[in-house]
There are 2 protein chains.
Amino acid sequence: MADDGPLKMADVARLAKVSMSTVSRALADNPLIPEDRRREIQRIAAEAGYVINQSARSLRMRKTQTIGVVFPLGHDVGQLISDPFFIEMFGRLADEITTRGYQVLLCRVTDTSEGWLNRIIQSHRQDGLVIVGQSDQHEALNQAAESYHPLVVWGGHLNGQTYCSVGTDNIGGARRAVDHLLGLGRKRIAFLGMLELPEISLRYEGYVRALRAAGIEQDPALVIPAHFSFETAYEAARELIESGTEFDAIFATSDIIALAAIQALAAAGMDVPGQVSVVGFDDIAIAAQSTPPLTSVQQDLAKGAKTIVDLLFKRMAGEDAPSATLLPKLVVRKSCGGTSAG
Amino acid sequence: MADDGPLKMADVARLAKVSMSTVSRALADNPLIPEDRRREIQRIAAEAGYVINQSARSLRMRKTQTIGVVFPLGHDVGQLISDPFFIEMFGRLADEITTRGYQVLLCRVTDTSEGWLNRIIQSHRQDGLVIVGQSDQHEALNQAAESYHPLVVWGGHLNGQTYCSVGTDNIGGARRAVDHLLGLGRKRIAFLGMLELPEISLRYEGYVRALRAAGIEQDPALVIPAHFSFETAYEAARELIESGTEFDAIFATSDIIALAAIQALAAAGMDVPGQVSVVGFDDIAIAAQSTPPLTSVQQDLAKGAKTIVDLLFKRMAGEDAPSATLLPKLVVRKSCGGTSAG
DNA sequence: AACGCTAACGCAATCGATTGCAAAAGCAAG
DNA sequence: CTTGCTTTTGCAATCGATTGCGTTAGCGTT
């Protein structure tokens with residue numbers, strides 16, 4: 001019984017024959033109320049099926065017990081968050097956040113006009129923000145971070161960056177991947193990815209450095225723009241193949257792009273790793289299962305997510321947490337030939 | 001300038017030299033305020049970087065512009081939401097929800113003690129709920145639906161169900177899959193899945209009906225409990241193989257389980273589809289990419305998500321939307337032999 | 001009995017918006 | 001200049017909790 005109308009705290013107070021103040025304090029386990037009475041009130045509230053109205057609580061306390069997770073997608077707007085990498089990151093973040101007793105609000109940004117981030121921040125819907133991927137919003141992030149502290153970004157560490165970020169050493173990871181290909185004797189290495197994205201441009205930097213260190217001249221024809229979706233990446237790879245440009249290896253800036261490239265190569269009758277070696281980035285779960293299994297630069301998402309959330313909570317507590325960089329690891333599988341040559 | 005302190009509506013009122021009431025109405029595009037004045041006030045607010053505080057708004061309006069998406073996971077508690085099927089469903093739901101101007105709150109239920117659903121509902125953090133998968137909470141759902149209307153469940157349609165659900169015809173889908181295996185001449189068909197979950201038990205029902213219709217006696221030794229995670233499913237398949245029980249086909253109740261089974265079979269030196277045919281369920285993206293490509297019962301998630309959200313919004317508007325069933329489709333690939341025999 | 005001190009408790013203000021209702025302003029007709 | 005009507009505008013109550021501060025109760029001393 002008594003589960004008809006939505007119960008308010010005043011109702012519980014009436015039931016327990018005390019004031020609202022006392023109920024509020026009792027439910028909050030405030031030691032101002034003697035322990036036995038606290039228990040009693042909690043029991044009465046639970047029995048009546050009473051639950052604190054979070055809207056009211058949030059307003060009064062000026063906190064929501066909620067963390068917003070944002071995927072800017074300044075590029076690829078309106079798309080489903082489909083890349084397994086993002087998805088896994090989201091899952092891990094959700095785990096870390098809920099473990100700490102907070103809720104997760106997914107913010108899909110559909111309107112990236114001037115001030116989009118400020119609009120999210122000022123809505124006060126969340127106590128802190130995780131931004132997954134800088135997209136092309138570096139400047140907006142810098143600006144927002146100036147006055148809003150509880151904010152951590154997953155992405156590369158860029159020049160003139162004032163916000164707190166957590167990310168893999170993109171340059172180093174790419175460098176290691178390309179070095180590996182070079183070690184296998186590959187010389188015409190194609191680069192697939194969108195240079196407009198900061199993280200990708202860092203990977204490009206690693207690619208360039210590896211080539212330079214090996215004394216190999218880089219060929220602009222080998223740098224191909226490719227989005228994160230399977231279809232567009234497949235298309236990009238197909239064009240590379242049909243262009244007639246010679247190449248003996250592909251460094252793809254995400255596993256999805258790598259897998260799409262392998263399919264495109266197979267469709268064109270080219271053997272992987274016989275004719276072309278392929279390396280991906282992220283080391284998502286499917287990488288190990290594909291045919292052939294994919295060599296990839298592994299990002300430790302579990303650790304990344306934990307670091308992000310740790311830093312965020314520090315910042316929410318007013319401390320000033322610094323950015324962090326994770327070390328990538330090259331996982332060698334069959335897609336690039338020799339099991340561990342080089 | 002003027003982006004230091006969090007602006008309140010009263011501040012905007014002062015800037016615009018009108019009362020708060022007028023600002024509130026202007027920002028809400030209330031025709032009570034003449035259009036030109038509305039525009040003017042909106043401009044002033046935007047320029048000042050003002051954003052409505054959602055906590056306050058939610059409290060007063062008794063609505064949050066937020067939909068909660070819940071993964072009960074009564075089984076497998078504490079796990080990351082890792083199954084690609086759930087993930088894709090989440091992404092599609094998020095798309096449908098944000099498209100309608102609502103936010104998405106992910107509710108990971110960590111405490112399934114008595115009244116967990118009521119606790120979510122009464123917190124008033126959301127205007128409506130989508131529950132993904134009944135888990136083992138059929139009764140709790142039935143009870144909650146009695147007094148809480150804006151709630152739609154993804155899952156099977158069960159006996160004595162009073163809540164609104166959207167789901168694939170599980171019995172029919174399973175029936176079609178098993179019929180296909182039978183058509184290939186398979187007779188010893190193993191069933192991998194957790195019967196405790198309502199949807200899976202419906203798929204079992206389809207499995208049983210198919211066998212019965214073919215006049216084949218079912219063998220309890222062929223029914224193997226298997227969770228949704230790759231590792232546990234792999235273990236389950238390995239045990240089936242090592243048990244020595246003879247079988248020439250596997251009907252897996254999810255693609256992840258099917259993929260794990262294929263790996264386990266390969267590890268045991270058994271050929272798919274030569275010796276054993278395998279069929280999965282869901283037709284997730286990887287299914288087409290695996291080796292061999294997986295035959296699977298396709299669930300149309302895009303349509304499912306749209307239907308769920310459509311029904312939910314109808315219910316939020318007070319209408320009484322009925323449950324819906326989607327028709328599954330068997331996608332035949334190489335993992336079960338003949339390209340389309342049967 | 002009077003006093004002092006602490007432990008419990010409740011009053012009422014507060015968080016920041018929305019909105020019913022009444023007042024004010026604007027305008028046309030008499 | 002009234003009167004009567006419509007269009008604008010603002011006052012003040014409200015949503016449902018939390019909490020600073022003052023009051024009351026309870027108990028031990030002298």
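Because the structure is predicted, anything quoted here is derived from the model rather than measured. A, B, ... follow the sequence lines: proteins, then strands. Residue 1 opens every chain.
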What is the separation between atom [atom1] on [X] and atom [atom2] on [N], rounded to the nearest whole Å?
| X | N | atom1 | atom2 | value |
| --- | --- | --- | --- | --- |
| A/R37 | C/dA8 | CZ | C1' | 8 Å |
| A/M61 | C/dG16 | CE | C1' | 16 Å |
| B/L27 | C/dT19 | CG | P | 13 Å |
| A/M20 | C/dT14 | CE | C1' | 12 Å |
| A/L32 | D/dT19 | CG | P | 12 Å |
| B/E40 | D/dT9 | CD | C1' | 17 Å |
| A/M9 | D/dC15 | CE | C1' | 14 Å |
| A/Q122 | C/dG16 | CD | P | 12 Å |

On DNA chain D, does the nearest nucleotide to A/A10 precede the nearest nucleotide to B/R60 from the 5' side, or the other way round? Give the residue.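 First, find each residue's nearest nucleotide; the 5'-ward one identifies B/R60.
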5'-most by nearest nucleotide on DNA chain D - B/L59 or A/S21: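 Nearest-nucleotide comparison on DNA chain D picks B/L59.
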Closest to the [X] side chain: [options]?
| X | options | result |
| --- | --- | --- |
| B/I52 | D/dT18, C/dT18, C/dG16 | C/dT18 |
| A/V18 | C/dC9, D/dG10, C/dG10 | C/dG10 |
| A/R62 | C/dG10, C/dC15, C/dA17 | C/dC15 |
| B/P34 | D/dG16, C/dC9, D/dT9 | D/dT9 |
| B/T22 | D/dT9, C/dG10, C/dA17 | D/dT9 |
| B/S19 | C/dA17, D/dT18, D/dC11 | D/dC11 |

Would you indicate what B/S24 reaches in the nucleic acid, counting non-hydrogen atoms under 4.0 angstrom: base, sugar-phosphate, or nothing?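 Base, at least one base atom sits under 4.0 Å.
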Are B/F90 and B/V69 side-chain neighbours, meaning at least one heavy-atom pair lies under 4.5 Å?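 Yes - at least one pair of side-chain heavy atoms lies under 4.5 Å apart.
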More than 12 foreign heavy atoms under 6.0 Å from CD of B/Q143: is that the case here?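 12 or below, so no.
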Does atom CZ of B/R100 have more than 12 heavy-atom neighbours from other groups under 6.0 Å away?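 Yes, the 6.0 Å shell around CZ holds more than 12 heavy atoms from other groups.
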Does B/Y50 place a side-chain N or O at less than 4.0 Å from the phosphate oxygens OP1/OP2 of C/dG16?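 Answer no for this pair, as no side-chain N or O of B/Y50 is under 4.0 Å from OP1 or OP2.
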Check the pair A/T64 / B/S55 against side-chain contact (heavy atoms from CB on, under 4.5 Å), numbers first and verdict last. CA-CA 8 Å; A/T64 58; B/S55 294; 4.0 Å; yes
Between C/dG10 and A/R25, counting only base atoms on the nucleotide and side-chain atoms on the residue, is there a donor-acceptor pair under 3.5 Å?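 Per atom types, the contact qualifies.
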Using every non-hydrogen atom in the two residues, find where A/Q161 and A/Q134 come nearest and quote the distance to one decimal.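 Heavy atoms only, the tightest pair is OE1-NE2, 4.1 Å.
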